[in-house]
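These notes are about the structure you will find just below.
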Amino acid sequence: MPILHAKRGSGKRAATPAVGGLAFVAYAMQMAAAYDFQDIEQRWRERWERDGIAVARPDATREKYYVLEMLPYPSGDLHVGHAKNYTIGDAIARSMRMLGYNVLHPMGWDAFGLPAENAAIQRGIAPATWTLSNIANMQRQLRLMGTSYDWSREIATCTPEYYRWNQWLFLRLYERGLAYKREAPVNWCPKDATVLANEQVIDGCCWRCNTPVQRRNLSQWFLRITEFAERLLDGLEGLEGWPERTRAMQRNWIGKSEGAQFSFAIEGVSERIDVFTTRVDTVYGVTFLALAPEHPVVARIKELIAPESAAAIDRFTESLRSKSELERTSLMEKQGLFTGAYAIHPLSGARVPIWVTNYVLAEYGTGAVMGVPAHDERDFDFARKHDLQILRVIVPTGSSVPAEAPIETAFVDDGTLIESGAFSGMASAEARRAIATEFQRREIGKATTTYRLRDWLVSRQRYWGTPIPIVYCNDCGEVPVPDEQLPILLPPDAPITGEGSPLARLPSFIETTCPRCGGPARRESDTMDTFFESSWYYLRYLDPQNETAPWARDAADAWMNVDQYIGGSEHAVLHLLYSRFFYKFFHDCGWVSGADEPFARLFHQGMLLSNGEKMSKSRGNVVGIDETAKKNGVDAMRLFLLYVTPPEDTSDWTDEGITGRVRFVNRVWRACEPLAARARSVDVRTLPVCTTPEEKALVRAVHLAARSLVEETLTRRFHYNTTIARLDETINALTAAIGTSPDAAATLYAVHAVPLLLAPFAPHIADELWSLYGYDRSVHLEAALAPQDAALALDEITLVVQVNGKVRARIACAPSIGEADAFALAQADPAVRGYLDGKELRKRIYVPGKLVNFVVG
RNA sequence: GGGGAAGUGGCGGAAUGGCAGACGCAGCCGCCUCAAAAGCGGCCGAGGCAACUCAUGUGGGUUCGAGUCCCACCUUCCCCA
């Protein structure tokens with residue numbers, strides 16, 4: 001007898017011998033060669049591409065479903081960590097297709113950005129060349145993963161066909177006053193040699209390279225996202241399909257605070273100092289004013305005071321100049337210097353000393369803070385350190401703390417006002433309204449709302465990005481480039497050295513003529529933040545070839561909004577906030593209709609570790625797609641990524657773990673392939689006749705898996721780990737059935753059903769088996785197996801009998817058993833009887849088909 | 001300090017308020033084999049000879065019944081200050 005010990009990935013499949021029954025099974029178990037995933041997976045990838053199984057067209061007869069993964073930056077090479085994200089999206093896309101939805105599942109490239117310039121500097125490769133070759137490789141790898149993207153809609157943001165619409169959209173923002181240039185203190189990353197938006201500064205460091213950012217005063221382009229602050233905040237309420245923590249992060253970032261703004265007069269100076277506070281009820285407790293050293297009034301004060309005092313202020317200011325925001329507000333000790341000047345309290349008339357401090361920032365609020373040490377911890381610390389007066393003006397409501405009692409800590413809660421003139425005795429909330437009204441009456445202030453959100457700084461002093469379509473003319477000033485002159489192409493010959501803006505040093509680019517007067521003019525040399533193009537790319541997929549508009553309104557009407565968006569939580573504020581801003585703008589322009597939110601549901605996949613550690617080149621634990629596709633197969637990889645944890649959890653790639661799924665794929669193959677010919681005639685819509693409990697259980701396992709697939713998909717929970725566990729049970733039951741009754745209708749039914757259940761997760765083996773069952777059409781174009789109640793129903797259930805909540809017996813009975821019969825049966829059970837005899841029966845609980853509980857005393 | 005998420009065997013995890021630990025990994029024992037690998041079958045929270053008892057971070061509560069709901073606390077992670 002020939003023994004076929006085929007190595008995985010090499011040998012050919014053994015021919016199915018024409019023997020039946022147990023002898024055949026023994027032969028099949030022994031003889032079936034290991035599944036040759038390499039050949040089979042490649043063959044199906046090519047077939048899907050040829051057949052266009054993922055190409056999406058509008059179809060009024062089916063409900064649309066737009067599932068989207070955040071578009072990747074083409075860094076060069078994918079590893080299994082990336083694969084997790086795309087596998088989740090692909091499992092959803094394939095499941096929804098089989099459930100009858102018209103699925104749109106596109107992919108593209110966030111192709112502008114610094115790494116391409118760094119490659120140019122370090123290795124002399126043109127950014128475009130580097131980027132395009134990375135895209136080619138990553139596209140190959142995404143295909144290798146068996147993903148079902150509609151590649152006919154692919155976009156790369158670095159192509160003129162795409163970025164001309166960046167420029168076009170910028171001009172529309174400009175026309176509406178939502179794009180403007182202004183000088184402001186901005187975040188500067190010295191390593192990347194460019195400015196950064198506030199959202200791109202994480203803990204005081206550059207989000208990309210972790211270099212501490214510096215502050216510089218520069219003239220820069222901003223987008224007026226602050227105008228949308230209230231709508232961005234309100235919109236979060238409706239986003240119930242978003243993770244709560246992401247909504248909370250956006251809420252935090254927008255940072256709405258309601259309070260009052262009012263001004264202090266200064267002794268001997270005509271200017272006034274504006275302050276904003278949420279606690280205007282504590283205003284009688286003000287004992288100092290804290291100013292940012294950069295505050296404009298500081299210059300006026302210096303004129304009033306002794307030269308040596310003014311010099312001290314200058315030294316203090318100088319010492320803070322290079323310090324980052326984080327250092328100044330959080331890391332450094334609270335420092336301050338009395339200026340020698342006094343303000344006048346607007347209500348009490350008291351003299352209030354004016355200090356400059358490190359913990360008040362010029363760019364936030366008004367750059368000045370009223371110091372109320374008794375009711376603010378930071379002010380309290382500052383007052384203690386500098387021996388400033390501490391005045392108690394709020395006491396807990398209902399208590400009677402004398403104003404003179406020593407103050408050990410700041411009382412920061414609301415309470416009742418004391419020592420506050422006409423407002424004494426009021427509750428904090430009431431006093432806030434009353435005092436704001438009083439300020440308004442005196443015309444020195446009013447109730448206002450402020451936001452932490454700043455305008456979005458979008459200009460970058462870099463090459464590999466979209467040129468900003470503005471020219472500067474000596475006569476006409478700032479002039480927008482007319483639409484018909486778009487795109488302004490990125491010149492291929494800019495000197496990329498890492499020093500200075502490349503475009504600024506390229507006369508052939510900079511020198512131009514004014515579109516308005518025809519005179520000599522200079523082009524803007526800054527390019528756009530790459531978050532600009534990723535804020536609207538999901539609309540370009542809908543109409544990628546459009547040459548007259550970024551997208552047509554009817555394309556947006558057909559597909560928007562994105563039904564399910566999938567990506568990392570690191571973009572919780574950045575990309576997801578900018579996109580929401582853009583979409584609201586588009587909505588206002590009438591370019592999209594319906595809800596003014598782009599992403600109806602959002603899913604953050606969890607991180608993937610490698611053997612318990614973060615995957616990184618320096619740790620040497622990066623598991624590549626190519627490597628694992630070759631070693632374990634793509635189906636096993638996909639199954640593992642979905643199986644190891646729920647998709648939103650952090651999971652760990654381990655050799656043992658992937659081995660488990662490789663085994664599973666082989667078990668599927670050994671179970672189904674030898675029976676393929678016989679399973680051909682099965683119709684999975686018709687339940688088979690079962691003659692034994694085991695057969696019934698096998699068919700039930702199939703339908704439990706089918707139900708899990710449908711439920712996890714339609715409830716949008718996507719816990720496919722549980723669905724795959726049900727598939728494990730199905731295969732276990734099937735393997736056992738093959739051992740006893742390979743010809744039973746139930747066995748062949750299960751064999752036939754398996755690829756339908758496996759298709760979203762292990763698409764290749766599913767289609768291979770499906771074709772062996774005689775189908776010409778891909779399994780991915782079939783309808784999902786509909787779970788049937790008749791298959792799920794049990795002939796017999798186990799009724800749990802409890803006495804006082806403890807399980808005392810288990811009784812087999814019919815699932816339809818009624819309450820009276822259940823009690824009678826339970827009470828008659830000898831084990832239960834022992835717990836009931838001689839006790840008073842106080843209560844009986846019956847949970848139909850599940851449980852009886854006797855409460856005795 | 002404020003807000004968000006989470007804590008279940010050796011490990012990853014499962015469980016509409018109703019038999020805790022499905023499924024997988026690791027481990028142990030068998031079968032097969034000259035042997036090994038692969039495969040197949042069984043065991044696998046703790047204590048106890050057993051009947052049983054204990055067990056889902058800790059302590060309370062609601063309930064006939066709590067991993068699940070409520071309160072307080074502890075720990076971890078994440079955001080904001």
Side-chain angles (χ1 to χ4, degrees), chain A residues 3-8 25-26 28-34 202-203 243-255 257 325-326 329-330 359 364 376-378 409-410 412-413 452 569-570 572-573 604 606-607 609 612 639-640 642-646 648-664 666-667 670-671 701 704-705 708 711 715 719 721-732 735-736 738-739 797-811 831 834-835 841-857:
Chain A
I3 308 286
L4 233 172
H5 288 293
K7 280 196 187 105
R8 216 185 288 131
V25 169
M29 289 288 183
Q30 194 176 0
M31 296 306 299
I202 312 291
D203 290 337
E244 182 48 42
R245 77 187 147 115
T246 304
R247 294 199 283 171
M249 280 165 70
Q250 292 214 354
R251 236 177 258 128
N252 266 332
W253 187 261
I254 295 166
S257 56
E325 189 177 306
L326 181 82
T329 56
S330 302
Y359 71 89
Y364 280 100
D376 180 280
E377 282 169 10
R378 211 157 51 162
T409 57
V412 299
D413 297 338
R452 207 180 83 90
S569 57
E570 66 274 17
V573 174
H604 292 312
M607 237 189 333
L609 306 174
L639 284 163
F640 174 76
L642 294 169
Y643 181 74
V644 63
T645 61
E648 65 272 29
D649 288 1
T650 297
S651 45
D652 191 13
W653 180 278
T654 60
D655 291 343
E656 294 82 8
I658 183 66
T659 300
R661 292 300 97 187
V662 171
R663 266 182 220 161
F664 171 75
N666 283 322
R667 275 162 66 78
R670 278 195 310 272
L704 283 170
S708 176
E711 282 183 355
T715 61
H719 282 198
N721 54 321
T722 61
T723 307
I724 296 169
R726 296 291 86 79
L727 277 164
D728 272 348
E729 287 168 335
T730 304
I731 298 301
N732 287 346
T735 303
I738 290 169
I797 57 155
T798 304
L799 190 69
V800 173
V801 184
Q802 297 182 336
V803 179
N804 287 343
K806 288 190 191 297
V807 180
R808 296 304 181 187
R810 295 181 177 89
I811 303 171
Y835 289 96
L841 183 63
R842 289 188 179 157
K843 198 170 178 179
R844 303 184 301 184
I845 313 286
Y846 178 58
V847 181
K850 283 205 169 139
L851 171 140
V852 168
N853 189 13
F854 294 109
V855 185
V856 298

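Each chain gets a letter, A, B and so on, in the order the sequences are listed, and its residues count up from 1. Predicted, not measured: the structure shown is a model, and the values here were computed from it.
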### Message
I'd like to know whether Tyr846(A) forms a side-chain contact (heavy atoms from CB on, under 4.5 Å) with Leu799(A), so could you lay out the CA-CA distance, the side-chain angles of the two residues, the decisive distance to 0.1 Å, and finally the verdict.
### Response
CA-CA 10 Å; Tyr846(A) 178 58; Leu799(A) 190 69; 4.2 Å; yes
### Message
Between A50(B) and C69(B), how far apart are the two P atoms, rounded to whole Å?
### Response
36 Å
What are the atom names and distances for every N/O pair under 3.5 Å that joins the protein to nucleotides 44-50 of chain B?
none

### Query
Which whole number of Å gives the distance between the P atom of C34(B) and that of A26(B)?
26 Å
### Query
Taking Thr735(A) for the side chain and Ile731(A) for the main chain, is one N or O donor matched with an acceptor at less than 3.5 Å?
yes
### Query
Would G9(B) be called syn or anti, given that syn covers angles within 90° of 0?
syn
#### Entry: Whole-Å distance separating the CG atom of Leu639(A) from the P atom of C23(B)
17 Å
### Message
Surrounding CD of Glu244(A) (heavy atoms of other residues, nucleotides or ligands, distance under 6.0 Å), is the total greater than 12?
### Response
yes
### Message
Please report the distance, rounded to the nearest Å, between CZ in Arg808(A) and P in G65(B).
### Response
14 Å
### Query
When rounded to the nearest Å, what value does the distance between P atoms of U68(B) and A6(B) take?
13 Å
### Task
Quote, to the nearest angstrom, the C1' distance that separates A46(B) from G9(B).
10 Å
### Query
Taking only Watson-Crick and G-U wobble pairs with both distances under 3.5 Å, what dot-bracket line describes RNA chain B, where [ ] shows pairs that cross earlier ones and | shows pairs with another strand?
(((((((..(((.....[....))).(((((.......))))).(((....)))..(((((..]....)))))))))))).
### Query
Under the 3.5 Å rule, do the base of C19(B) and the side chain of Arg810(A) count as making a donor-acceptor pair?
yes
#### Entry: For the student: nearest non-hydrogen atoms of Val856(A) and Leu841(A), plus distance
CG1-CD1, 3.9 Å
Identify all pairs in which a protein N or O lies below 3.5 Å from an N or O of nucleotides 9-18 of chain B, and state each distance.
unit_1	atom_1	unit_2	atom_2	d
G12(B)	O2'	Val644(A)	O	2.6
A14(B)	OP1	Asn721(A)	ND2	3.1
A15(B)	OP1	Arg717(A)	NH2	3.3
G18(B)	N2	Gln802(A)	OE1	3.2

### Task
Find the distance Arg247(A):CZ to A5(B):P and express it as a whole number of Å.
10 Å
### Message
Between U16(B) and G30(B), how far apart are the two C1' atoms, rounded to whole Å?
### Response
41 Å
### Query
Separation of Arg663(A) atom CZ from A38(B) atom P, in whole Å?
7 Å
### Message
To the nearest 0.5 Å, what is the distance between CG on Leu851(A) and OG1 on Thr798(A)?
### Response
12.0 Å
### Task
Establish, for the pair Arg667(A) and Phe664(A), whether the NZ or CZ atom is under 6.0 angstrom from the six-membered ring centre and no further than 45 degrees off its axis.
no
### Query
Are the side chain of Ser569(A) and the backbone N or O of Ala572(A) linked by a donor-acceptor pair below 3.5 Å?
no
### Task
Ignoring hydrogens and angles, tell me if any N or O in the side chain of Asp649(A) forms a donor-acceptor pair with the backbone of Gly606(A) under 3.5 Å.
no
### Task
Start with the C-alpha distance between Val801(A) and Arg808(A), add both sets of side-chain angles, then the distance that settles side-chain contact (heavy atoms from CB on, under 4.5 Å), and finish with yes or no.
CA-CA 6 Å; Val801(A) 184; Arg808(A) 296 304 181 187; 5.6 Å; no
### Query
Could you state the CZ-P distance from Arg251(A) to C80(B), rounded to the nearest angstrom?
15 Å
### Message
Rounding to an integer number of angstrom, what distance separates C71(B) and U62(B) when you compare their P atoms?
### Response
15 Å
### Query
Taking atom types as modelled and ignoring hydrogens, do the side chains of His719(A) and Glu648(A) form a donor-acceptor contact shorter than 3.5 angstrom?
yes
### Query
Counting distance only, does the side-chain N/O of Tyr643(A) pair as donor-acceptor with the main-chain N or O of Pro646(A) below 3.5 Å?
no
### Query
Tell me: CZ of Arg661(A) to P of C25(B), nearest whole Å?
7 Å
### Query
When all nucleic acid strands are considered with a 4.0 Å heavy-atom cut-off, which category describes Arg842(A): base, sugar-phosphate, or nothing?
nothing
### Task
Take Arg661(A) and Asp728(A) through the test side-chain contact (heavy atoms from CB on, under 4.5 Å) and record every step on the way to the result.
CA-CA 10 Å; Arg661(A) 292 300 97 187; Asp728(A) 272 348; 3.0 Å; yes
### Summary
Between CE of Met607(A) and C1' of U76(B) the distance, given in whole Å, is 13 Å
### Task
Give the rounded distance in Å between these two atoms: NZ of Lys806(A) and P of A20(B).
10 Å
### Message
Using OP1 and OP2 only, check whether a side-chain N or O of Asn732(A) sits under 4.0 Å from G24(B).
### Response
yes
#### Entry: Residue whose closest nucleotide on RNA chain B lies nearer the 5' end, Val807(A) versus Gly657(A)
Val807(A)
### Between G18(B) and G67(B) - C1' atom distance, rounded Å
13 Å
### Query
Which pair of heavy atoms, one from Ser708(A) and one from Thr723(A), lies closest together, and at what distance?
OG-OG1, 2.7 Å
### A14(B) versus G7(B) - spacing of their P atoms, nearest Å
9 Å
